[in-house]
Amino acid sequence: MAKEKERKGFGRTLESFSQHVAKRTGGSWAFIIALTVIVIWAATGPIFRFSDTWQLVINTGTTIVTFLMVFLIQRVQNKESLSIQLKLDEIIAALKGASNRLIDIEDVGEEEIERLHEHYKRLGQLLEQRGEIDGSHSVEEEQHSRKSVGKR
């Protein structure tokens, strides 16, 4: 129980840290600082006679920063992506006539997503042909109308 609370506490701390660092590193000041480091490094080249060690310093530094930033940014992006998916799921669930089958669509395979994409593409073309550009139809409405046409 104590370890679980400790992990949750660590997770929250890491999440907060990740958000903070991602926000700061995405700003103008981070770019200015990075550019300043590069300029200082380049200016010291003649002092160190452009040695292998001089080159190794910048290579190692940028590699470490890049390595850490990949994981940090991915963590932030995962959270933001999940938040957006939840908001979209809520909108789909709340809209009358919306296809509830699209909730959690990110969990289905690529082939199913491609089929649905083609379906919505055809649906858009059909609405355009009918002159219903501003019309709105769900997957279920279109399937229902096809069934009704087939029964006649």
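Just the heavy atoms: all of them, side chains too, but no hydrogens, waters or symmetry mates, feed the values below.
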Separation between CD1 (I64) and CG (N59), nearest 0.5 Å, reads 11.0 Å

Tell me whether L82 shares a hydrophobic cluster with L14, the cluster being built from Ile, Leu, Val, Met, Phe, Trp, Tyr side chains joined at under 4.5 Å. no

Inset, instruction - Indicate, with yes or no, if V21 and I33 share a hydrophobic cluster defined by side-chain heavy-atom contacts under 4.5 Å among Ile, Leu, Val, Met, Phe, Trp and Tyr. - result: no

Tracing side-chain contacts under 4.5 Å among Ile, Leu, Val, Met, Phe, Trp and Tyr outward from I91 reaches L95

Going by chain and number, the hydrophobic cluster around I84 (ILVMFWY, side chain to side chain under 4.5 Å) further includes L88

Pairs where [range] contributes a residue and the test side chain to side chain donor-acceptor pair (under 3.5 Å) is met, not counting sequence neighbours:
| range | answer |
| --- | --- |
| residues 15-36 | E15-K79 |
| residues 39-53 | T44-W54 |
| residues 83-92 | none |

By ring pair (Phe, Tyr, Trp, His ring centres under 6.0 Å), F31 pairs with (sequence neighbours left out) none

Given the options I103, I105, D104, I92 meets side-chain contact (heavy atoms from CB on, under 4.5 Å) only with I103

Please tabulate, one pair per line, all N/O donor-acceptor pairs under 3.5 Å involving side-chain atoms of residues 107-118, not counting sequence neighbours.
unit_1 : atom_1 : unit_2 : atom_2 : d
E112   : OE1    : R115   : NH2    : 2.2

Residues at least two apart in sequence or cross-chain that pass side chain to side chain contact (heavy atoms under 4.5 Å, CB included) with L56, listed by chain then number, are T60

In short, ring pair (Phe, Tyr, Trp, His ring centres under 6.0 Å) pairs touching residues 95-114 with sequence neighbours left out are none

Determine all donor-acceptor pairs shorter than 3.5 Å in which one atom belongs to a side chain in residues 65-77; sequence neighbours excluded.
unit_1 : atom_1 : unit_2 : atom_2 : d
T66    : OG1    : T62    : O      : 2.7
Q74    : NE2    : N78    : OD1    : 2.7
R75    : NH2    : G11    : O      : 3.1

